[in-house]
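Basis for what follows: all heavy atoms, side chains included, without hydrogens, waters or symmetry-related copies. Below, read A as the first sequence line, B as the second, and so on, with proteins coming before strands; counting in each chain starts at 1.
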Protein chains: 2
Amino acid sequence: MRPEKPEHAFESPRPAPLHGLTDHASTSYDERLNQILEAATGLMAHAGYERASMRAVAKAAGVSLAGLYYYFDSKEKMLFLIQFRTFSSLVSSLREKLLGVSDPIEQLRVMIRTHVGYFATNMAALKVCSHELDSLTGDSYEETRRIRREYYDLTRGIIDRIGDVYVHDGTLDRHVATMSLFGMLNWLYRWYDPRHGRSPTGVANQLAAQFLQGLLGKSAI
Amino acid sequence: MRPEKPEHAFESPRPAPLHGLTDHASTSYDERLNQILEAATGLMAHAGYERASMRAVAKAAGVSLAGLYYYFDSKEKMLFLIQFRTFSSLVSSLREKLLGVSDPIEQLRVMIRTHVGYFATNMAALKVCSHELDSLTGDSYEETRRIRREYYDLTRGIIDRIGDVYVHDGTLDRHVATMSLFGMLNWLYRWYDPRHGRSPTGVANQLAAQFLQGLLGKSAI
DNA sequence: TGTATTCGATCGAACGTTCGTTCGCCTTTT
DNA sequence: AAAAGGCGAACGAACGTTCGATCGAATACA
């Protein structure tokens, strides 16, 4: 029997199990779902959303084509789940690391390090998030936009505080500054492979140094 | 009679006309080709390469589906022509504007202004260039990679000279610096619309100021 | 405890659609 | 008369998705 549709767009299709659910059963379901999601992430990162066929995902995940639809309503929901999980975990990871850091300059360093660090351990997922932003439609799109907006607000807030405290230039457009930072970070997947050469820490440090110097300019510190 | 295949991948499929070619005939052919290319560029920028169907391109260009194939061997060649023309004209435009500018700092300002200015008047084309880099395969891919490499080398050369003359930090990875600049610029299509709000000059100036300050740091000027 | 039954999980096969591309024919221009 | 320019119609392949069946394990009942 196929499961019902979920209430919320960001849940996988299976309803809460009706029988007394054992940890093992739930774990098996989640493991399988993650295994599929991971295969899909890899394929979509490599070939792009449209060119990553459900048949290829099924093969890579070791499941039949029809079997995919026990776990996902549609290909688009699958992409949504990838993006939603990645963005959510990135944002919450950033929030955690910001706790206890009060200097906005240090906050920005933490933000950049967190992003680069997250990229280093989740390259494929973050690439899908950067590159397939417009592949979602309707509610799924709105939902991911909401989280991206959270990420923007978080970063923009830091830059605002830096601007208020350290920058008295008057010509600094903070939106432009924020988006240029996201440009640097979201373009990483095009050239940076942490598996050979530069360390994530090194790259993050240079990006942070560059961007901060760019913001602060001649305002010292 | 269908035209033969072109020798070089970056030409349109029609062979040099065998009859005595009049300016008008050639112009008509080129106009039609450009008109199709422009429609395709708009659709691919808006929906992405895979989702922009040849049928939609034909409709938008006011040509029949079959008529497209009089001008293009394939959809991929069409994308290639868009990217090739855009990259070529961007690079040659940059080379022109760099003539007579000897200070590398000013050269970098020119580079950024040129790119942002080009973006402002060719948003769709540059978006297709930024977003569909991996949609080409084989020789077409290699050919665009060659031009992109030219663009990189040009920019990297400027940054190298700035580094040699002004920066004595020793920790500056110039490849990282160059790619972070391309990140800022290639991400523009995600957030910047020159048609309302900020002027291209303003945005370019801020990006240049930020990036240069970021490079130069405490090294003054 | 043994047996019947439900149900989660999975699959092969197919359906309907859309896609890029081609063929053959027509019209217009030279 | 020949060539360039253009089109309707079709082809074959690939796609996302669904249907119906199967099978083992858990559950209910005897």
Side-chain angles (χ1 to χ4, degrees), chain A residues 1-5 12-36 40 43-44 47-59 61-80 135-137 140, chain B residues 1-5 12-36 40 43-44 47-59 61-80 135-137 140:
Chain A
M1 163 199 163
R2 279 290 308 286
E4 299 166 7
K5 300 294 153 74
S12 76
R14 196 186 69 157
L18 302 177
H19 59 73
L21 82 89
T22 69
D23 274 2
H24 177 265
S26 174
T27 290
S28 164
Y29 176 88
D30 290 352
E31 270 174 7
R32 196 73 136 156
L33 189 142
N34 287 332
Q35 157 190 357
I36 296 174
L43 283 175
M44 289 184 183
Y49 173 72
E50 294 289 345
R51 282 181 288 264
S53 71
M54 292 297 263
R55 283 166 177 81
V57 171
K59 189 163 291 184
V63 184
S64 74
L65 176 59
L68 287 183
Y69 288 85
Y70 182 75
Y71 293 90
F72 303 96
D73 284 338
S74 68
K75 190 186 183 186
E76 188 174 346
K77 285 277 166 61
M78 201 167 90
L79 173 61
F80 171 76
S135 298
L136 293 178
T137 64
S140 294
Chain B
M1 163 200 163
R2 278 292 309 286
E4 299 166 6
K5 298 296 152 73
S12 78
R14 197 185 67 156
L18 301 176
H19 59 74
L21 82 90
T22 69
D23 274 2
H24 178 265
S26 175
T27 291
S28 165
Y29 176 89
D30 289 352
E31 270 175 8
R32 196 71 136 156
L33 190 141
N34 287 332
Q35 156 191 357
I36 296 173
L43 283 175
M44 288 183 184
Y49 173 72
E50 294 290 346
R51 282 180 289 263
S53 71
M54 293 298 263
R55 284 164 178 83
V57 170
K59 190 162 290 183
V63 184
S64 74
L65 175 60
L68 287 183
Y69 288 86
Y70 182 74
Y71 293 90
F72 303 95
D73 284 337
S74 68
K75 189 185 181 185
E76 188 174 347
K77 284 279 165 60
M78 201 167 90
L79 173 62
F80 170 77
S135 298
L136 293 178
T137 63
S140 295

remark   = B:Ile36 CD1 to D:dG6 P, in whole Å, measures 8 Å
request  = Would you mind reading off the distance between B:Tyr71 atom OH and C:dT21 atom C1', rounded to a whole angstrom?
outcome  = 18 Å
message = Could you tell me how far apart B:Phe72 (CZ) and C:dT22 (C1') are, to the nearest whole angstrom?
response = 18 Å
task = Would you check if the side chain of B:Lys75 reaches a backbone N or O of B:Ala52 as a donor-acceptor pair within less than 3.5 Å?
result = yes
Heavy-atom check, side chain of A:Tyr70 versus side chain of A:Val63, under 4.5 Å = no
ask   = Could you state the CD-C1' distance from B:Gln35 to D:dG6, rounded to the nearest angstrom?
value = 13 Å
Under 3.5 Å side-chain donor-acceptor pair for B:Glu76 and B:Thr137 = yes
request  = Take the protein atom CG of B:Leu68 and the nucleotide atom P of D:dG5, then report the distance between them rounded to whole Å.
outcome  = 15 Å
query = Within the pair B:Tyr70 and D:dG6, is there a side-chain N or O less than 4.0 Å away from OP1 or OP2?
reply = no
Contacts of type side-chain contact (heavy atoms from CB on, under 4.5 Å), residue A:Arg51, not counting sequence neighbours = A:Ala47, B:Tyr49, B:Glu50, B:Ser135
Polar pairs (N or O, both sides) under 3.5 Å between protein and nucleotides 15-20 of chain C?
{"from": "C:dG20", "atom 1": "OP1", "to": "B:Lys75", "atom 2": "NZ", "distance (Å)": "2.5"}
{"from": "C:dG20", "atom 1": "OP2", "to": "B:Met54", "atom 2": "N", "distance (Å)": "2.9"}
{"from": "C:dG20", "atom 1": "N7", "to": "B:Arg55", "atom 2": "NH1", "distance (Å)": "2.8"}
{"from": "C:dG20", "atom 1": "O6", "to": "B:Arg55", "atom 2": "NH2", "distance (Å)": "2.8"}

request  = Starting from P on C:dG8, measure out to CD on A:Glu31 and report it in whole angstrom.
outcome  = 19 Å
request  = Can you sort out the partners of B:Leu65 under side-chain contact (heavy atoms from CB on, under 4.5 Å), two or more places apart, ordered by chain and number?
outcome  = B:Met54, B:Arg55
For B:Ala61 against B:Gln35, the heavy-atom pair lying closest together = O-NE2, 2.8 Å
